[in-house]
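Step one of this worksheet: look at the structure below.
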Amino acid sequence: MTVFEGNFVDTEDLHFALVMGRFNDLVMNRLVQGCLDALTRHGVKENHIDRAWVPGSFEVPLVARELALTGHYDAVICLGAIIRGDTPHFDYVAAEAAKGIGAAALQTGVPIVFGIVTADNMEQALERAGIKTNKGWEYAMNAIEMATLLRHIRKVTAVRPERYNAIPPGTDR
């Protein structure tokens with residue numbers, strides 16, 4: 001029986017892209033700091049972390065998909081902050097960002113981490129961005145685990161393809 005697991009050690013040659021929504025920059029700056037801190041503390045080289053800024057969370061999925069399609073990244077981390085207001089705009093942006101990020105991951109075969117903080121108010125958002133915990137750190141850890149997990153799966157299935165029906169993206173089997 002094969003057990004597939006990601007790890008937090010084999011990170012030296014991993015490449016990540018961060019797609020970051022500028023809107024709610026007070027929250028965003030903290031999320032980005034937490035994310036970068038987690039990646040570098042786990043051995044990811046700073047020059048292996050590319051960053052793309054977009055206007056807001058709604059625009060994140062398109063850029064995440066484009067970066068994933070380059071084949072250069074082991075994972076893409078999407079960071080944003082959507083804070084509820086007095087109109088239903090929050091619901092539309094949050095739903096479309098979630099659907100878009102999920103679709104991009106499935107379309108490209110690259111782990112794309114949903115790191116969009118959704119909160120009812122600024123206090124909740126700031127709690128998630130560093131006052132109580134920093135979700136940016138957590139999102140980076142998810143990306144590392146998924147990148148190493150998929151690397152493991154693709155390595156094993158390339159060696160023993162007769163045991164698996166899945167074809168890793170980018171291969172011509």
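Because the structure is predicted, anything quoted here is derived from the model rather than measured. The residues of the chain are indexed from 1 along the displayed sequence. The basis for the numbers below is simple: all heavy atoms, side chains too, and nothing from hydrogens, waters or symmetry mates.
- Put simply, the side chain of Val19 does not reach to within 4.5 Å of the side chain of Leu79, judged on heavy atoms.
- Nearest heavy-atom pair, Ala125 versus Val27, reported as atom, atom and distance to 0.1 Å: CB-CG2, 3.8 Å.
- Distance check, rounded to the nearest 0.5 Å: CD1 of Ile144 to CZ of Arg41 gives 12.5 Å.
- Following chains of ILVMFWY side-chain contacts shorter than 4.5 Å, one can reach Tyr139 starting from Ile83, so the two form part of one hydrophobic cluster.
- Formation of a donor-acceptor pair under 3.5 Å by the Arg30 side chain with backbone atoms of Gly136 is not found in this model.
- Here the closest non-hydrogen pair linking Ile82 and Ala94 is CD1-CA, 3.6 Å.
- For the pair Thr133/Glu127, no side-chain contact is recorded, criterion being any heavy-atom separation below 4.5 Å from C-beta on.
- In terms of heavy atoms, Ala68 sits closest to Thr108 at CB-OG1, 3.6 Å.
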- Query: Would Asp37 and Gln33 count as a side-chain contact (heavy atoms from CB on, under 4.5 Å) if you check the C-alpha gap in whole Å, the side-chain angles of each, and the deciding distance to 0.1 Å?
  - Reply: CA-CA 6 Å; Asp37 187 38; Gln33 288 171 359; over 6 Å; no
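- Once rounded to the nearest 0.5 Å, the distance linking CZ of Arg51 with SG of Cys35 reads 9.0 Å.
- Atoms SG and CG, on Cys78 and Leu31 in that order, are 12.5 Å from each other to the nearest 0.5 Å.
- Taking both residues in full, the closest heavy atoms of Ala104 and Arg65 are given as CB-CB, 3.8 Å, listed atom of the first, atom of the second, then distance.
- Under a 3.5 Å cut-off, the side chain of Asp25 and the backbone N or O of Met28 do not form any donor-acceptor pair.
- Summarising the geometry, atom NE2 belonging to His152 is positioned 7.5 Å from atom OG1 belonging to Thr2; distances are rounded to the nearest 0.5 Å.
- Sorted by first then second residue, the side chain to side chain donor-acceptor pair (under 3.5 Å) pairs that include residues 71-82, not counting sequence neighbours, are Asp50-Tyr73.
- Pairs engaging residues 88-100 under the side chain to side chain donor-acceptor pair (under 3.5 Å) rule: Arg84-Asp91, Glu96-Lys99 [sequence neighbours left out].
- Here Arg128 contributes atom CZ and Glu123 contributes atom CD; the two are 11.0 Å apart, rounded to the nearest 0.5 Å.
- Following chains of ILVMFWY side-chain contacts shorter than 4.5 Å, one cannot reach Leu62 starting from Val60, and the two form parts of different hydrophobic clusters.
- For the pair Val110 and Ala75, the tightest heavy-atom approach, listed with the atom from each and the gap, is CG1-CA, 4.0 Å.
- Side-chain atoms of Glu59 and Val63, non-hydrogen and from C-beta on, never get closer than 4.5 Å to each other.
- Taken together through direct or relayed side-chain contacts under 4.5 Å among Ile, Leu, Val, Met, Phe, Trp and Tyr, Leu26 and Val32 form part of one hydrophobic cluster.
- Cluster membership check: Met146 does not share its hydrophobic cluster with Leu69, using side-chain heavy-atom separations under 4.5 Å among Ile, Leu, Val, Met, Phe, Trp and Tyr.
- Cluster membership for Met20 and Phe23, using ILVMFWY side-chain heavy atoms within less than 4.5 angstrom, is not shared.
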Anything under 3.5 Å between a donor and an acceptor, one on a side chain of residues 8-18, the other on a protein residue two or more places apart or in another chain? List them.
from	atom 1	to	atom 2	distance (Å)
Asp10	OD2	Asn7	ND2	3.2
Thr11	OG1	His42	O	2.3
Asp13	OD1	Arg151	NH2	3.0
His15	ND1	Asp13	O	3.2

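- More than 12 heavy-atom neighbours from other residues, nucleotides or ligands sit within 6.0 angstrom of CZ on Phe114.
- To the nearest 0.5 Å, the span separating CG on Asn142 from CG on Leu149 amounts to 12.0 Å.
- Across Ala97 and Pro61, no two heavy atoms sit closer than the pair O-CG, 3.7 Å.
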